[in-house]
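The structure appears right after this line, and notes come after that.
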Amino acid sequence: MLSLTVILWVLNVLVDSGGQLAFKAAASHPDSGDGVEHWKHMAMRPWLWIGIACYVFEFVLWLAFLSLVPLSLGVLMGSINIVAIMILGRFIFKERLTPMRVLGIVLVSLGVAVVGIQL
């Protein structure tokens, strides 16, 4: 059961992070216009639909993960998504990691590690 829990957790992190990155890619095209035109442009991009598909799959993974662990543990373990998304955003979208964000990454990672020891 432990290995299934870890597999579901890792898959959840990967799929949730992929969905967030896909939404960012859909929303950040420079030629998308403003207002309604921007939303129409996003709806035509495959990244939006990839993000939605990731979220549907992530929902199923999350339910399966929560069926194996207490809610309090699951939510804390799920917080590592924040770290993954920030790091991937830095490499894929060239977003800045300020010293405070790096400190946040370290603190969240330590918290998840402490809680994850219970698995």
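A side-chain contact (heavy atoms from CB on, under 4.5 Å) with H41 is found for one member of R45, M44, E37 and no other, namely R45. Here the options are I7, V10, L8, V13, the test is side-chain contact (heavy atoms from CB on, under 4.5 Å), and the partner is L61; only L8 passes.
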Apply side-chain contact (heavy atoms from CB on, under 4.5 Å) to residues Y55 and Q20 and explain how you reach the verdict. CA-CA 9 Å; Y55 268 39; Q20 290 284 354; 2.5 Å; yes
After noting the C-alpha distance and the side-chain angles of E58 and N12, does the key distance pass the side-chain contact (heavy atoms from CB on, under 4.5 Å) rule? CA-CA 6 Å; E58 191 264 341; N12 182 275; 3.0 Å; yes
What do the steps show when you test V106 against V83 for side-chain contact (heavy atoms from CB on, under 4.5 Å), and what is the final call? CA-CA 8 Å; V106 170; V83 173; over 6 Å; no
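The environment of CZ in F57 is sparse: at most 12 heavy-atom neighbours from other residues, nucleotides or ligands sit within 6.0 Å. Other residues, nucleotides and ligands contribute over 12 non-hydrogen atoms within 6.0 Å of the CZ atom of F93.
The two atoms that bring L48 and A43 nearest to each other are CD2-CA, 3.6 Å, heavy atoms only. Taking both residues in full, the closest heavy atoms of S67 and A64 are given as OG-O, 2.5 Å, listed atom of the first, atom of the second, then distance. Closest of all the heavy-atom pairs between G89 and L21 is N-CD2, 4.2 Å. When every heavy atom of C54 is checked against every heavy atom of G19, the shortest pair comes out as CB-CA, 3.6 Å.
Using a distance-only test at 3.5 Å, with no hydrogens or angles considered, no donor-acceptor pair links the side chain of W47 to the main chain of K24.
Note that CG of L66 and OG1 of T5 are 11.0 Å apart. Values are rounded to the nearest 0.5 Å. The line from OG of S28 to NE2 of H38 is 8.5 Å long, rounded to the nearest 0.5 Å. Taking CD1 from I85 and OG from S17, the interatomic distance works out to 4.5 Å, rounded to the nearest 0.5 Å.
Using a 4.5 Å heavy-atom cutoff, the side chains of W9 and V112 are in contact. Looking at heavy atoms from C-beta onward, V69 lies out of side-chain contact with M77 at the 4.5 angstrom threshold.
Linking ILVMFWY side-chain heavy atoms closer than 4.5 Å, directly or via other members, places L68 and L14 in a single hydrophobic cluster. There is no path of hydrophobic side-chain contacts, each under 4.5 Å, that joins M100 to I87. Both L11 and I82 are assigned to one and the same hydrophobic cluster, defined by single-linkage of ILVMFWY side chains at heavy-atom distances under 4.5 Å. In the hydrophobic clustering of ILVMFWY residues, with side-chain heavy atoms under 4.5 Å counting as a link, V75 and V6 come out together. Under a hydrophobic clustering in which Ile, Leu, Val, Met, Phe, Trp and Tyr are joined whenever their side-chain heavy atoms come within less than 4.5 Å, directly or via other members, L76 and I105 fall into the same cluster.
Under the ring-ring contact (aromatic ring centres under 6.0 Å, His included) criterion, W62 pairs with F65, sequence neighbours left out.
Residues in residues 77-100 take part in these side-chain hydrogen bond (donor to acceptor under 3.5 Å, both in side chains) pairs, two or more places apart or across chains: D16-N81.
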